[in-house]
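The structure appears right after this line, and notes come after that.
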Amino acid sequence: MAQAAAVAKPPAPPRRRRASATPRRLPYLLIAPAALLMLGFIAYPVISVFYYSLQEYNPTKPWRNGYAGFDNFVHIFTEDPLFWDTLVFSAKWVFVEVGLQLLFGLALALIVNQTFVGRGLGRALVFSPWAVSGVLTSAIWVLLYNSQTGITRYLADLGIGEYGVSWLSDTSTVFPAAVVADLWRGVPFFAILILADLQSVSKDLYEAAEVDGASRIKQFWHITLPHLKDAIILSTLLRAVWEFNNVDLLYTLTGGGPAGETTTLPLYIANTSVESHNFGYASALTTVAFVILLFCSMVYLRLSKFGGESK
């Protein structure tokens, strides 16, 4: 039939324009300068340390400079007794400091979390030492430990001890004295983090526990501690790394003495590089310290099951 009506085709749907990739890339482009800057400031020193750890590099003895291979590392593990002494002291320092800071920080956080008159002022006083730099903290405690004008003189006036005693010069008292000085600065760090997590605990849990007849100790053990698990793990890990790398306080307070009794591995590294100018060997020591910290951090996070659900 000649007059067969042609079936009108429906109009073709308009083609969708491809979404521009620029808006999606814009955030990455904006942060790229800062990211590259941070990468440069972080990556370059790390790579430099690894490079110089394989070199014999001492600016005061340029004729001996050159590629040393793994000789620096062999010397560390086989011929350097100071490395093992400072590593053992570093482990002792970290264990004592982090343990005591966690204990006192937890206690302070529980206290200032309560409602009482002047709580704001109490919190400010508790947290204020954390705002003081390590060198200034050392200067304060050097004055407090001064044998002529410090604590020992006032104790001697009360008939406790003798005049002229310096706790920082005695091998039997220098470690406890340094521990107390660093506790003053480090305890607020734990108190701040733990208090922030305590304030997120639902009050309904404690009210339900009281209805069930749970004591304060049971509430703390079964409600508070499980809730604080991740905060405690993270804070102890961060503080352990910082205490291991502690140089400013011990260097200003004791200089690593007396007789090397308070020389940590990072302080030994600082003395090797700054005083002895042996940057190659100091870089090798730094590389070993980095591997130790990395390994211990991974093991600690694995064993503590950080981020997992508490049973």
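Along the sequence shown, the residues carry numbers beginning at 1.
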_Sub-6.0 Å ring centroid separation between Y52 and F279_ =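 No: the rings miss the under 6.0 Å criterion.
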How about [X] and [Y]: do any of their side-chain heavy atoms sit closer than 4.5 Å?
X    : Y    : value
R64  : N58  : no
T287 : F73  : yes
T263 : F89  : no
L100 : V179 : yes
N246 : T264 : no
S297 : V241 : yes
T137 : L249 : yes
E243 : W93  : yes

Hydrophobic cluster identity match, [X] and [Y], side-chain contacts under 4.5 Å:
X    : Y    : answer
V291 : L294 : yes
L168 : L136 : yes
M298 : I292 : no
I223 : I111 : no
L225 : L198 : yes

*Give the C-alpha distance, both sets of side-chain angles, the deciding distance and a yes or no for side-chain contact (heavy atoms from CB on, under 4.5 Å) between F290 and L285.*
CA-CA 9 Å; F290 171 78; L285 289 169; over 6 Å; no
_Partners passing salt bridge (Lys or Arg N to Asp or Glu O under 4.0 Å) against D170 (at least two apart in sequence or in another chain)_ = none
[X] and [Y]: which non-hydrogen atoms are nearest, and at how many Å?
X    : Y    : result
T171 : P258 : CG2-CG, 3.8 Å
P266 : V247 : CB-CG2, 3.7 Å
I42  : V46  : O-CG2, 3.2 Å
N146 : Q148 : OD1-N, 2.7 Å
I269 : A289 : CD1-CB, 4.4 Å

Can you tell me how far apart [atom1] ([X]) and [atom2] ([Y]) are? Round to the nearest 0.5 Å.
X    : Y    : atom1 : atom2 : value
S169 : Y145 : OG    : OH    : 12.5 Å
L301 : C296 : CG    : SG    : 11.0 Å
L293 : F244 : CG    : CZ    : 4.5 Å
L87  : K92  : CG    : NZ    : 14.0 Å
I232 : D197 : CD1   : CG    : 8.5 Å
F83  : D85  : CZ    : CG    : 10.5 Å

Looking only at side-chain N and O atoms, does [Y] offer a donor or acceptor that is under 3.5 Å from a partner on [X]?
X    : Y    : result
T236 : Y300 : yes
N72  : Y57  : no
Y281 : S273 : no
T262 : T254 : yes
T272 : H277 : no

Is it true that, when you exclude [X] itself, more than 12 heavy atoms of the residues, nucleotides or ligands shown sit nearer than 6.0 Å to its [atom1]?
X    : atom1 : answer
F70  : CZ    : no
F295 : CZ    : no
L303 : CG    : yes

Counting N and O atoms only, with roles assigned by atom type, does the side chain of [X] sit under 3.5 Å from a partner on the main chain of [Y], one being a donor and the other an acceptor?
X    : Y    : answer
S276 : N278 : no
D212 : A214 : no
N271 : L267 : yes
T173 : W167 : yes

*Just do the side-chain contact (heavy atoms from CB on, under 4.5 Å) check on T224 and V201 with the steps written out, would you?*
CA-CA 8 Å; T224 306; V201 182; 5.8 Å; no
*Please report the C-alpha distance between Q219 and E210 in whole Å, then the side-chain angles of each, then the deciding distance to 0.1 Å, and finally whether the side-chain contact (heavy atoms from CB on, under 4.5 Å) criterion is met.*
CA-CA 8 Å; Q219 291 178 31; E210 288 181 1; 3.3 Å; yes
For residues 180-196, tabulate all N or O donor-acceptor pairs below 3.5 Å that involve a side-chain atom, not counting sequence neighbours.
residue, atom, partner, partner atom, Å
D182, OD1, R185, NH2, 3.3
D182, OD2, Q101, NE2, 3.4

